[in-house]
Amino acid sequence: MSLITQEEAIQKRKELVEDGFTVIPGVMTPEFVQELREWSDDIFSRVPVDRKHRYQGSDIHVATPKRWKEMQPREETNQSFPDIMAERQLDLPAQWEVCDMMGLEGHTHHNSMIILSKPGFGPPLYWHQDFMDWNNPRAATPWPTQIFISYYLTDTNRENGCLRAIPGTHRKRIDLHSILPAAHGEEIQSIEDLNHEVFLDHPDAVDLPVKAGDLVIADGRLLHAAWPNQTPHRRTLLLQWHAVFPFPSTPSWWEDEIPNVVKKADLTKKYEGTRIPGEHLK
Ligand SMILES: O=C(O)CCC(=O)C(=O)O
Ligand SMILES: [Fe+2]
């Protein structure tokens, strides 16, 4: 039996397109979550977190062993290494079933995942969006082309630093966009004052508390942040990046209008990557 009905999958897809995120409950089994918790706790007992990653909590990149071989020669560090656990997450059948039912077509990934964590009493995560191709007309698609798929390994709530998001900001410019430095760069990482506006509450923000093992899917363009962890317990998140609907392909189920800038995109042109939204965010 499927985790969700086809009707629910279409509803989740609608949320992802319109709000920029959606949650599918119970995609990982409690046993797998437990196994991943032990795996990641062991890594955290050995790997110190660089101060520059204090707001993200950590930034540990784990590749599948196959991918690691292709990346040679590359030195293994405690922040970047191969592990079969990456493959087991990326290949999770229930995840692929849900993505297929949602009609997330043409997906590809780089055979790697990221361990992000928030230690007990860890600070908040600043508002940011993670999209890196804002000069490209693909930034203007009404459907996602880059998504992050994540699983929290504990139940999350406001107290232990759950995720927050501002619905619709993957496609609509708001006041915050004009004051935010590029995500995860030196400027935002060097902010010391937790009362700085990059950490402030926003009237349109919503909390996204989840259960351990729920699947969170979000558009890479979405503004999101996380509350501080006010408990002594670590709150870990495993995150995968996926590309979907390779530009300029249109989802087979798309029925709404397609913006001119997308329809008339010059596919021969190269666009310099940037994390700062420009004319494609209205
Ligand atoms: O910690 C979280 O809940 C979100 C992490 C995140 O969005 C990031 O590190 O880019
Ligand atoms: Fe993020």
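Both ligands and their constituent atoms are indexed starting at 1 by order of listing.
Looking from atom 3 (O) of ligand 1 to the surrounding protein, the closest heavy atom is Tyr152 OH, 2.6 Å. Shortest contact from atom 5 (C) of ligand 1 to any protein heavy atom: Leu125 CD2, 3.4 Å. Summary of contacts: the protein heavy atom closest to atom 7 (O) of ligand 1 is His224 NE2, 2.9 Å.
A donor-acceptor contact closer than 3.5 angstrom is absent between the side chains of Trp39 and Gln34. With 3.5 Å as the limit, one finds no donor-acceptor pair spanning the side chains of Tyr126 and Gln189.
How far NE2 of His107 is from CE of Met102: 10.0 Å, rounded to the nearest 0.5 Å. Between Asp155 atom CG and Lys211 atom NZ the span is 4.5 Å, to the nearest 0.5 Å.
Contacts of Lys118 with ligand 1, taken as heavy-atom pairs under 4.0 Å, are absent altogether. Contacts with ligand 1 closer than 4.0 Å are made by side-chain heavy atoms of Asp130 only, the backbone lying farther away. With a 4.0 Å heavy-atom cut-off, ligand 1 is reached by the side chain of Leu237 but not by its N, CA, C or O. Only the side chain of Arg235 comes within 4.0 Å of ligand 1, judged by heavy-atom distances.
Every side chain to side chain contact (heavy atoms under 4.5 Å, CB included) that Pro124 has, sequence neighbours left out, goes to Leu194, Phe199, Pro228.
Between Trp96 and His109, the angle of the ring planes lies from 30° to 60°, which puts this pair in the tilted group. A tilted orientation is assigned to the rings of Phe148 and His224, their planes being inclined by 30° to 60°.
Other residues, nucleotides and ligands place more than 12 heavy atoms under 6.0 Å from the NE2 atom of His177.
Only protein N, O or S atoms were considered, and those under 2.8 Å from the Fe ion (ligand 2) are His128 NE2, Asp130 OD2, His224 NE2.
None of His184, Lys118, His128 except one satisfies the side chain to side chain contact (heavy atoms under 4.5 Å, CB included) rule with Gln56; the exception is His184.
Checked against a 6.0 Å centroid threshold, the rings of Phe245 and Trp253 count as neighbours.
Using a 4.0 angstrom heavy-atom cutoff, Phe148 does not count as in contact with ligand 1. Using 4.0 Å as the threshold, His184 has a heavy atom nearer than that to some atom of ligand 1.
Under the 4.5 Å side-chain contact rule for hydrophobic residues, Leu92 and Leu215 share a cluster.
Within the set His128, Arg164, His53, the minimum heavy-atom distance to atom 8 (C) of ligand 1 is found for His128.
Close contacts between ligand 1 and Gln56 involve ligand atoms 8 (C), 9 (O), 10 (O) [criterion: under 4.0 Å to a heavy atom].
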